Protein chains: 2
Amino acid sequence: MELQEKLHNKGLRLTQPRREVVAILNAAASPLTPQSIYQRSVERKSDIGLVSVYRTLELLSELNLVRRVHGRDGCHGYVLASPGHHHHLVCRKCGKAVEFSGSADLSEFITKIQKETGYKINEHILQLYGICPKCQEERQ
Amino acid sequence: MELQEKLHNKGLRLTQPRREVVAILNAAASPLTPQSIYQRSVERKSDIGLVSVYRTLELLSELNLVRRVHGRDGCHGYVLASPGHHHHLVCRKCGKAVEFSGSADLSEFITKIQKETGYKINEHILQLYGICPKCQEERQ
DNA sequence: TCCTTATTGAAAATGATTTTCAATAAGGAA
DNA sequence: TTCCTTATTGAAAATCATTTTCAATAAGGA
């Protein structure tokens, strides 16, 4: 497994709380805040400390196994990252998020901006918001 | 003036603290946090309350006169918004941010993602990071 | 099974943001 | 200009998120 390996390479251990956070993120349909991850662990009776949730998220971010997703208002949630560079599309109604990879399509656009501004661009955050298919149906 | 009008329409007043926050954002070269806006007001001896900074930023956001800019780590800073839909390009070294408008160039990309995912996309956040021309020179 | 040491969790510390409320000042009316 | 109403302010307290501390625990190699 990805996680197992990456931890091992750094002399870190695969502990209960770490498994738990990954499991919860895995089961989640939308980005979760540290608080809500903690809450779910209480519900699941795995009951890990909130502090460990924070620490685990920080670790998983460093390992690129988790991505921070930005809301326009209340900021960060976390989602499990698929390998490679991805972006998120979040439903306004139900909060469900899907990943999509669009770097290729953006690169032309980014090159253009580089020329216009003189900046050397080496990273980007793109986040889309909309209504998912299911919620579109329910509207009617 | 924009601000004057918009406030008036809502029966709100153009007060000293509000002028001050706008003036500080106007003079800023990069996104400012509420804390740093407050600090600058102390330096300028205008000395408005931190609470008013928060309240003013919230108000200006509602009026679309200010935009919240996201960092990948420590989240929000605020910049004065130019009219229309804009994005930000932030320098990693000095923090200087420039605005650019790229909605037109993105629309094709967004349409494609809509088709792929079935989502109805109606908003997006795009933020680019890089090194500004000045900082590129200093590197050498 | 034992032993080393990374990791945990509770509590305290810190920091950001919001709420409360009496005092103040914006700006329309006289 | 002056007065009066009421939106707004600022200080302090309350709240909420996040980080630090540290003794107790548990991973996992020997």
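Everything numeric here is computed off the predicted structure, so don't read it as measured data. Protein chains get the first letters and strands the later ones, always in sequence-line order, with residue 1 at the start of each. FYI, side chains are in, hydrogens and waters are out, and symmetry mates aren't considered; it's all heavy atoms of this structure.
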Value in whole Å for how far the [atom2] atom of [N] lies from [atom1] of [X]:
| X | N | atom1 | atom2 | value |
| --- | --- | --- | --- | --- |
| A/Q16 | D/dG28 | CD | C1' | 15 Å |
| A/L7 | C/dT5 | CG | C1' | 16 Å |
| B/I48 | C/dT24 | CD1 | P | 19 Å |
| A/D47 | C/dT8 | CG | P | 15 Å |
| B/Y38 | C/dT18 | OH | C1' | 16 Å |
| B/L50 | D/dT9 | CG | P | 13 Å |
| A/R18 | C/dT8 | CZ | C1' | 10 Å |

Practice item. Report yes or no: does B/S52 contribute a side-chain atom to a donor-acceptor pair with the main-chain N or O of B/I48 at less than 3.5 Å? Key: no
Check your understanding: Where the side chain of A/Q114 meets the backbone of A/I121, is there a donor-acceptor pair that is under 3.5 Å apart?
Key -> yes
Between N or O atoms, less than 3.5 Å apart, protein on one side and nucleotides 27-30 of chain C on the other: list the pairs.
from, atom 1, to, atom 2, distance (Å)
C/dG27, OP1, B/L14, N, 2.8

Point to revise | Ranges pairing with ranges for DNA chain C, where each run has three or more Watson-Crick or G-U pairs under 3.5 Å | key: C:1-30 with D:1-30
**Study point:** Worked check of side-chain hydrogen bond (donor to acceptor under 3.5 Å, both in side chains) between A/E20 and A/S46
**Key:** CA-CA 7 Å; A/E20 193 54 25; A/S46 52; 2.8 Å; yes
Point to revise | Test: A/K112 and A/E116 ion pair at under 4.0 Å | key: yes
Revision key, fill the gap. Here the residues of residues 51-61 of chain B within 4.0 Å heavy-atom distance, strictly under, of DNA chain C are B/V51, B/Y54, B/R55
Check your understanding: Which is it for B/Q35 and B/Y54 under the side-chain hydrogen bond (donor to acceptor under 3.5 Å, both in side chains) test, yes or no, and what are the steps along the way?
Key -> CA-CA 9 Å; B/Q35 315 287 333; B/Y54 276 100; 3.0 Å; yes
